[in-house]
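Have a look at the structure below before the remarks.
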Amino acid sequence: MLKRVLIANRGEIALRILRACREADIETVAVYSQADGEALYVQLANRAVCIGPAPAAQSYLNQTALLTVAKATGCDGVHPGYGFLSENGDFADRCGQEGLTFIGPSGDTIRKAGSKSVARRLMQQAGIPITPGSDGPVTSEAEALAVAAQVGFPVLLKASAGGGGRGIRRCDDSGQLHSAYAQAKAEAMACFGDDTLYVEKLVLGPKHIEFQIAADCHGNVIHLGDRDCSIQRRNQKLIEEAPAWCLSAKLREQMGEAAVAAARAVNYEGVGTVEFLLDRDAERFYFMEINTRIQVEHGITELITGVDLVREQLRIASGLPLSLSQEQVCLSGHAIECRINAEDPQQDFRPTPGKVEFLHFPGGYGVRVDSGLYNGCTLSPFYDSLAAKLMVHAPTRLEAVRQMRRSLEEFTLEGFPTNGELSYQILYHPTFIRGNYTTAFLDENLPRLLDFSRRLNQEEEKG
Ligand code: ADP
Ligand code: ADP
Ligand code: MG
């Protein structure tokens with residue numbers, strides 16, 4: 001087993017990794033920027049080293065600083081978490097060159113999966129269904145137009161290196177594609193340092209269904225069930241549930257097999273996620289992307305499978321076989337996650353970082369909260385706005401929904417606005433309760449949900 005791991009991340013995921021390491025008797029070295037000196041994960045790590053100023057480019061993305069600290073503190077492994085350097089193949093390679101075990105797939109696998117246009121081509125070769133669209137990247141506006149004309153509008157122009165819901169533009173006709181092309185290219189360069197674009201047909205009213213996968217260095221590849229992540233705002237997930245309520249046993253089996261085949265097609269090693277779009281009317285699914293890292297919403301899979309996915313990452317990186325076989329994976333009950341973000345839905349989701357004046361997390365049977373916040377701490381404006389992940393697990397979906405409602409009622413965060421109230425409204429919406437919502441649900445229902453919250457608050461104020 002690994003002996004000492006550098007955690008190249010921050011916030012709740014650094015804490016999650018640290019806890020798994022401690023349980024496995026692995027020492028932890030935390031790194032932090034000048035904005036994170038008071039963070040909980042910094043206080044709980046065996047050692048913590050400041051690696052630079054607040055902007056991520058000068059701290060959490062500074063590869064040389066991270067590698068220097070890892071070596072100087074005698075680490076043998078590096079855990080990248082999610083975001084930051086977790087999907088940077090060159091960083092994975094550099095860790096290897098320095099004699100450090102990168103806790104994730106090889107640099108080669110990360111590069112293949114990380115370029116969405118390359119991944120599409122590989123999946124097609126492996127016989128996995130992909131959305132109609134360009135065969136690899138498009139190199140000019142004329143080519144993008146030709147592809148769009150062939151597959152039919154509406155299409156999406158997508159950044160090949162995109163992530164976090166950014167770098168995706170909808171084009172309903174050739175005029176829109178013309179005006180979007182140059183902008184999308186410039187934006188992709190600015191956000192991801194890579195202006196490669198590709199074209200995908202827009203699947204109308206789809207569900208976002210993803211499969212958790214795990215693969216070891218002995219050739220074993222399994223999947224740990226599915227998640228429905230269709231409650232999204234601007235292509236970013238807000239509420240997730242596991243398993244996906246809508247999947248027939250037949251589709252679940254087909255998609256699970258496709259997920260394992262996708263992992264094999266890029267020589268996957270580690271835990272990861274294969275994302276699909278599901279067109280329920282046509283009963284068809286399409287490969288979307290592979291995320292070569294631990295996912296924000298991994299906790300709900302842990303709740304329904306009983307498998308500690310971070311521990312599994314540590315085992316795989318240490319060269320051990322997977323702790324279970326496909327036949328031993330058993331999905332039990334239903335889990336839901338709400339992402340509580342420091343943002344104000346009433347003000348176009350303006351980020352609202354600030355000081356936590358009072359904090360109370362829900363607890364009780366079936367409730368799990370992953371968060372780096374504590375009373376009196378400050379949520380920094382320099383990084384993403386995730387404040388807490390509320391998770392529940394119950395025998396049935398309806399019980400899980402009720403548990404999440406009461407968890408949200410109990411959850412108290414004073415100091416800045418969050419999206420907690422909005423999530424609460426969603427949990428009462430008939431479409432959510434029926435479980436047949438699509439990725440279009442939130443954008444379509446947002447005005448009414450927000451209006452309802454506003455009126456409730458006004459009535460409360462009146463007393
Ligand atoms: P998940 O699929 O696990 O929900 P998200 O898409 O929400 O993941 O991304 C998790 C975190 O990683 C977010 O902070 C997001 O901004 C960041 N992220 C994901 N992909 C990229 C990328 N290609 N470049 C920069 N940040 C990214
Ligand atoms: P990211 O790397 O930012 O997560 P994805 O390719 O996974 O990018 O897409 C993010 C979201 O955008 C998906 O979850 C889905 O809601 C939407 N999306 C992406 N491609 C399509 C498509 N072809 N048709 C419809 N929706 C799509
Ligand atoms: Mg995605």
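Note that ligands are numbered from 1 as they come in the structure, with each ligand's atoms numbered from 1 the same way.
Within the 4.0 Å heavy-atom cutoff, K237 does not count among the residues contacting ligand 2. A heavy-atom separation below 4.0 Å is not found between Q236 and ligand 2.
When the heavy-atom distances from atom 5 (P) of ligand 2 to E200, R166, K116 are ranked, the shortest goes to K116. Of the candidates I168, N291, I130, I168 brings a heavy atom nearest to atom 9 (O) of ligand 2. Nearest-heavy-atom check against atom 16 (O) of ligand 2 across Q232, E289, K201, H208 picks out Q232.
Using modelled atom types and a 3.5 Å distance limit, the side chains of S323 and R311 yield no donor-acceptor pair. For the residue pair S115 and S160, a side-chain donor N or O sits within less than 3.5 Å of a side-chain acceptor on the partner. With no hydrogens or angles considered, no side-chain donor-acceptor pair links Q183 and Y181 at under 3.5 Å.
For the side chain to side chain contact (heavy atoms under 4.5 Å, CB included) with R227, the lone residue among I304, I209, T273 that qualifies is T273. Exactly one residue among K116, R293, K112 makes a salt bridge (charged side-chain N to carboxylate O under 4.0 Å, His left out) with E87. That residue is R293.
Under a 4.0 Å criterion applied to the non-hydrogen atoms of G164, ligand 2 contributes the atoms 3 (O). With ligand atoms numbered from 1 in the order given, ligand 2 contributes 1 (P), 2 (O), 3 (O) to contacts under 4.0 Å with heavy atoms of G163. Within ligand 2, the atoms closer than 4.0 Å to a non-hydrogen atom of T439 are 16 (O), numbered from 1 in the order shown. When each atom of ligand 2 is checked for a heavy atom of G165 under 4.0 Å away, the hits are 1 (P), 3 (O). Atoms of ligand 2 lying under 4.0 Å from at least one heavy atom of V203, given by number and element, are 22 (C), 24 (N), 25 (C).
Between L386 and R339 there is a side-chain heavy-atom pair separated by less than 4.5 Å.
Residues satisfying the salt bridge (Lys or Arg N to Asp or Glu O under 4.0 Å) criterion with R16, sequence neighbours excluded, are E302, D308.
Residue pairs meeting the ring pair (Phe, Tyr, Trp, His ring centres under 6.0 Å) criterion with at least one partner in residues 219-242, sequence neighbours excluded, are F211-H223.
Annotation: cation-pi pair R434/F441 absent, no NZ/CZ under 6.0 Å from the ring centroid and within 45° of its normal.
Looking at E275, its N, O or S atom nearest to the Mg ion (ligand 3) turns out to be OE1.
No N or O atom of L202 sits closer than 3.5 Å to an N or O atom of ligand 2.
For the Mg ion (ligand 3), the set of nearby N, O or S atoms under 2.8 Å includes one belonging to E289.
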